[in-house]
Amino acid sequence: MTESSTALRTASEMRGLDTSKVVIDDDQAPPKIEAGSADEQAALAAMEDLLADGSPSKAASADLKLMCLRGRKYDAARAAALLPELL
């Protein structure tokens, strides 16, 4: 299957998605922590402190941990709870 036919098939399948419960907030505040900053590293360290020693979450890559942390707006507890679900 070619790349363009795959893209067309994917776009066609997305037309049937129910987005009635999706809420878009136009008043979102910009991030308070800049990616790659010392503040972000401190939030990552706080998240890692919440992960159980020896768990797969503790051994996850920094990129996965940062993805959870950023997705939970730098709330270390919420990010630590999300990471095992991602794995």
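- Listed here is the closest heavy atom pair of Ala76 and Ala43: CB-O, 4.2 Å.
- Here the shortest heavy-atom pairing between Ala80 and Pro84 reads O-CD, 3.1 Å.
- Sorted by first and then second residue, the salt bridge (Lys or Arg N to Asp or Glu O under 4.0 Å) pairs with a member in residues 36-52 read Glu40-Arg70, Glu48-Lys65; sequence neighbours excluded.
- For Lys73, the salt bridge (Lys or Arg N to Asp or Glu O under 4.0 Å) criterion is met by no residue, not counting sequence neighbours.
- Under the 4.5 angstrom side-chain criterion for Ile, Leu, Val, Met, Phe, Trp and Tyr, the cluster partners of Ile33 are Leu44, Met47, Leu51, Leu64, Leu66, Met67, Leu69, Tyr74, Leu83, Leu86, Leu87.
- Separating the CZ atom in Arg72 from the SG atom in Cys68 is a distance of 8.0 Å, to the nearest 0.5 Å.
- Scored by the salt bridge (Lys or Arg N to Asp or Glu O under 4.0 Å) test, Arg78 finds no partners at all (sequence neighbours excluded).
- Partners of Ala77 by side chain to side chain contact (heavy atoms under 4.5 Å, CB included), not counting sequence neighbours, listed by chain and number: Leu50, Asp75.
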